[in-house]
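Quick note: residue numbers are just sequence positions, from 1. What you see below is based on every heavy atom in this structure, not just the backbone, and it leaves out hydrogens, waters and symmetry mates.
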Amino acid sequence: MYRIFFIAILALLSFNCDARTLRVFAIGNSFSQDAIEQNLYELALAGGDTLIVGNAYIPGCNIDKHLDNIVNDKAAYSYRKVVDGVKNTTDKVALSTMLNDEKWDVISLQQASHFSGLPSTYSNLPELKSLVVDQMPREDAKIVWHMTWAYAKTSEHSGFKNYGYSQDIMNDNIYYTVCTEVADSNSINQIIPAGPAIQNAREIFGDVLNSDGYHLSPLGRYVAACTWYEFLTGKSVVGNSYHPDVLTDEEALNCQQAAHKAMQEFKVVH
């Protein structure tokens with residue numbers, strides 16, 4: 001039944017049929033791993049596009065550490081790259097090497113999850129952004145922000161104390177901080193609202209989108225990837241034919257709707 005519903009929606013949607021190859025690079029941590037290393041390539045392929053996905057990965061890496069790494073050209077990252085749906089990992093790679101590996105169309109920045117809603121931790125973002133812009137091969141590449149998610153209500157992550165162990169407070173603080181420190185102060189106006197999408201999905205499924213209280217479960221990873229897909233392609237994810245086998249058609253549709261709602265509702269207004 002739901003498979004038929006998916007096909008019907010897909011037939012009604014007016015997608016851009018011009019196939020494209022988009023090159024996407026995240027300067028991130030385990031939260032970018034959750035969002036883009038699985039599902040995203042497949043969603044794009046099902047929608048008629050091809051992605052080359054790169055992730056500069058250090059667990060828990062924050063803005064200050066990324067800045068130190070790029071200033072000192074440290075070969076400190078695990079470079080995860082998805083090409084033709086296959087992920088390859090190379091250890092001990094510098095940001096300069098990864099930035100120049102492809103002519104990236106989109107480069108995302110993000111804060112470590114435990115600092116994501118603390119404005120005082122963003123003071124080095126202007127310098128980090130400037131150095132990334134200086135090194136990126138394409139002058140017209142888009143610098144965007146990956147807005148991450150609040151922890152599960154039962155999370156035991158030590159950084160959860162920054163928000164009084166409240167999911168609602170953490171979610172609100174992330175939203176406020178991204179709008180002020182990222183958009184207003186640093187003019188990064190293109191925001192990937194993965195966090196709001198996860199909150200939308202929690203309203204549907206309950207607080208079950210995390211695997212360990214802060215990283216995402218397969219369900220949560222699909223929501224995040226759906227959000228990235230819609231942001232990158234400009235196409236509604238609702239009705240996309242791809243979802244991992246661990247999700248039912250109904251679950252996948254609910255995930256897609258949660259992501260689409262976040263993309264529709266989250267706007268940075270100046």
Side chains of residues 88-99: which donor-acceptor partners sit under 3.5 Å, not counting sequence neighbours?
| unit_1 | atom_1 | unit_2 | atom_2 | d |
| --- | --- | --- | --- | --- |
| Asp91 | OD1 | Ser78 | OG | 3.4 |
| Ser96 | OG | Asp73 | OD1 | 2.6 |

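- Applying the salt bridge (charged side-chain N to carboxylate O under 4.0 Å, His left out) rule to Glu102 yields the partners Arg23, Lys81; only residues at least two apart in sequence or on another chain are considered.
- Contacts of Asp172 classified as salt bridge (charged side-chain N to carboxylate O under 4.0 Å, His left out), with partners at least two apart in sequence or in another chain: none.
- A salt bridge does not link Asp105 with Lys142: none of the charged nitrogens is closer than 4.0 Å to a carboxylate oxygen.
- Side-chain atoms of His243 and Asp249 form a donor-acceptor pair, as typed in the model, at a separation below 3.5 Å.
- Among residues two or more places apart in sequence or in another chain, the side chain to side chain contact (heavy atoms under 4.5 Å, CB included) test is passed with Ala225 by Asn39, Leu40, Leu43.
- Remark: aromatic rings of His66 and Tyr77 are close, center separation under 6.0 Å.
- Of the candidates Ile36, Val82, Val83, Val82 is the only one forming a side-chain contact (heavy atoms from CB on, under 4.5 Å) with Tyr41.
- Side-chain polar atoms of Tyr222 and Gln256 form a donor-acceptor pair below 3.5 angstrom.
- With respect to the salt-bridge test (charged N to carboxylate O, under 4.0 angstrom), the residues Asp49 and Lys235 qualify.
- Glu37 meets the salt bridge (charged side-chain N to carboxylate O under 4.0 Å, His left out) test with Arg80, Lys87; sequence neighbours excluded.
- Taking the six-membered ring for Trp and the full ring otherwise, the centers of Tyr214 and His114 sit at least 6.0 Å from each other.
- Applying the salt bridge (charged side-chain N to carboxylate O under 4.0 Å, His left out) test to Asp207 and every residue at least two apart in sequence or in another chain returns Arg202.
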